[in-house]
Trainee: 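Pasting a structure here, questions to come.
Each residue takes its place number in the sequence, starting with 1.
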Amino acid sequence: MTENPPTRRERTIKPRRIRFRYPVETYRHHYANDDLVLSHAVAFLSAVFPPGEDFFIRSVKHYRADITDPELFDQVAGFIGQELTHGREHRELNDRLQDMGYPTHNADRAVTWVFARIDQLLSPLTRLSFTAALEHYTATVAEILLTDPKAQALLGETEVRTMLLWHAYEESEHKSVAFDVYRAMGGGERRRVWGMRLVTAGFIIGVILGTAVSLVRDRAAYNPIRLIRSALKLRHLPFIDRRMWRLIGEYNRPGFHPTDTDNAALLERWRTELFGEQGALTPYLR
């Protein structure tokens with residue numbers, strides 16, 4: 001463990017050539033700890049990632065030629081490389097989830113349409129403020145997943161768990177890149193905070209609607225006792241507890257920066273667990 005965590009200017013964002021296999025056990029229908037609603041919510045979020053990652057890349061890439069800080073320029077290249085890989089792997093997972101009965105392809109098309117309208121209607125800097133806000137969401141969820149054993153246990157032991165741990169690690173690794181580009185391009189506090197407010201409203205509404213639409217296609221959801229029990233269990237999830245919303249709310253604080261929450265030790269620990277000599281993901285690297 002490093003005694004002095006690296007600053008943003010010293011951090012390298014490394015794209016990794018990795019590919020998952022999604023073996024037979026991935027086909028267990030309610031793969032998220034055999035939980036009905038949670039499995040559909042995770043499937044919807046997985047469906048959102050590919051068009052979301054594409055939007056993030058477009059938002060940041062728009063300003064790439066204007067970045068004068070060589071360290072930030074290199075980090076943007078790493079950010080784009082990581083997000084491209086995330087999108088590819090989630091598309092493959094989404095194909096498997098579609099085969100299992102989850103409407104991931106429909107969700108992908110719907111979210112792609114929404115981001116296309118955002119591209120048409122809003123300025124590049126506002127789109128970048130949305131990206132910085134959404135990156136704070138993904139980094140916060142990633143931190144909870146990487147620090148809370150209860151959150152990890154919810155994912156079971158399938159390939160889905162392995163893939164999401166990898167995704168969480170890299171989201172934590174590049175959590176400040178879009179934010180730093182926004183600041184470097186002159187993005188102000190007012191636009192940044194309003195961007196988070198709009199993203200939060202859209203995110204909550206989107207997840208509720210997307211999960212509900214997905215559940216409609218599952219026969220198990222028509223068992224009212226099972227559905228209600230599963231829905232009530234959501235309030236105990238570490239991903240929507242007070243800690244989660246406190247960390248999300250930090251974004252609205254004046255002068256906030258993603259590295260205010262130092263994650264150097266967390267990244268070092270998981271770098272060893274995932275990519276060390278005996279790391280869980282070392283066999284997946286290409």
Trainee: Taking the six-membered ring where the residue is Trp, are the ring centres of Phe179 and His136 under 6.0 Å apart?
Mentor: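 Aromatic pair excluded; centres sit 6.0 Å or further apart.
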Trainee: Checking Ser39 against His30: is there a side-chain donor and acceptor pair closer than 3.5 Å?
Mentor: no
Trainee: Hey, is Glu92 close enough to Arg19 for a salt bridge, meaning N to O under 4.0 Å?
Mentor: yes
Trainee: Do NZ/NE/NH1/NH2 and the carboxylate oxygens of Arg16 and Glu170 come within less than 4.0 Å?
Mentor: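 Yes, this pair counts.
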Trainee: Under the ring-ring contact (aromatic ring centres under 6.0 Å, His included) rule, what pairs show up with a residue in residues 220-249, not counting sequence neighbours?
Mentor: none
Trainee: Salt bridge or not for Arg91 and Asp54, using N-O below 4.0 Å?
Mentor: yes
Trainee: Rounded to the nearest 0.5 Å, what separation is found between the CZ atom of Arg191 and the CG atom of Leu128?
Mentor: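 These two atoms lie 9.5 Å from each other.
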Trainee: Can you give the donor-acceptor pairs under 3.5 Å from side chains of residues 272-280 to other protein atoms, not counting sequence neighbours?
Mentor:
unit_1 : atom_1 : unit_2 : atom_2 : d
Thr272 : OG1    : Glu268 : O      : 3.3
Glu273 : OE2    : Arg269 : NE     : 3.1

Trainee: So, Arg253 and Asp260, do they make that salt bridge, N to O below 4.0 Å?
Mentor: yes
Trainee: Checking Arg192 against Tyr182: charged group under 6.0 Å from the ring centre and within 45 degrees of the axis?
Mentor: no
Trainee: Mind jotting down which residue pairs meet the ring-ring contact (aromatic ring centres under 6.0 Å, His included) criterion with at least one end in residues 45-70? Sequence neighbours excluded, please.
Mentor: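 Of all non-adjacent pairs touching residues 45-70, those that pass ring-ring contact (aromatic ring centres under 6.0 Å, His included) are Phe49-His90, Phe49-His167, Phe55-Phe115.
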Trainee: Is there a path of hydrophobic side-chain contacts, each under 4.5 Å between heavy atoms of I/L/V/M/F/W/Y residues, joining Ile204 to Met244?
Mentor: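 Result: yes, single cluster for both.
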Trainee: Does NZ or CZ of Arg217 lie under 6.0 Å from the centre of the six-membered ring of Tyr102, at an angle within 45° of the ring axis?
Mentor: no
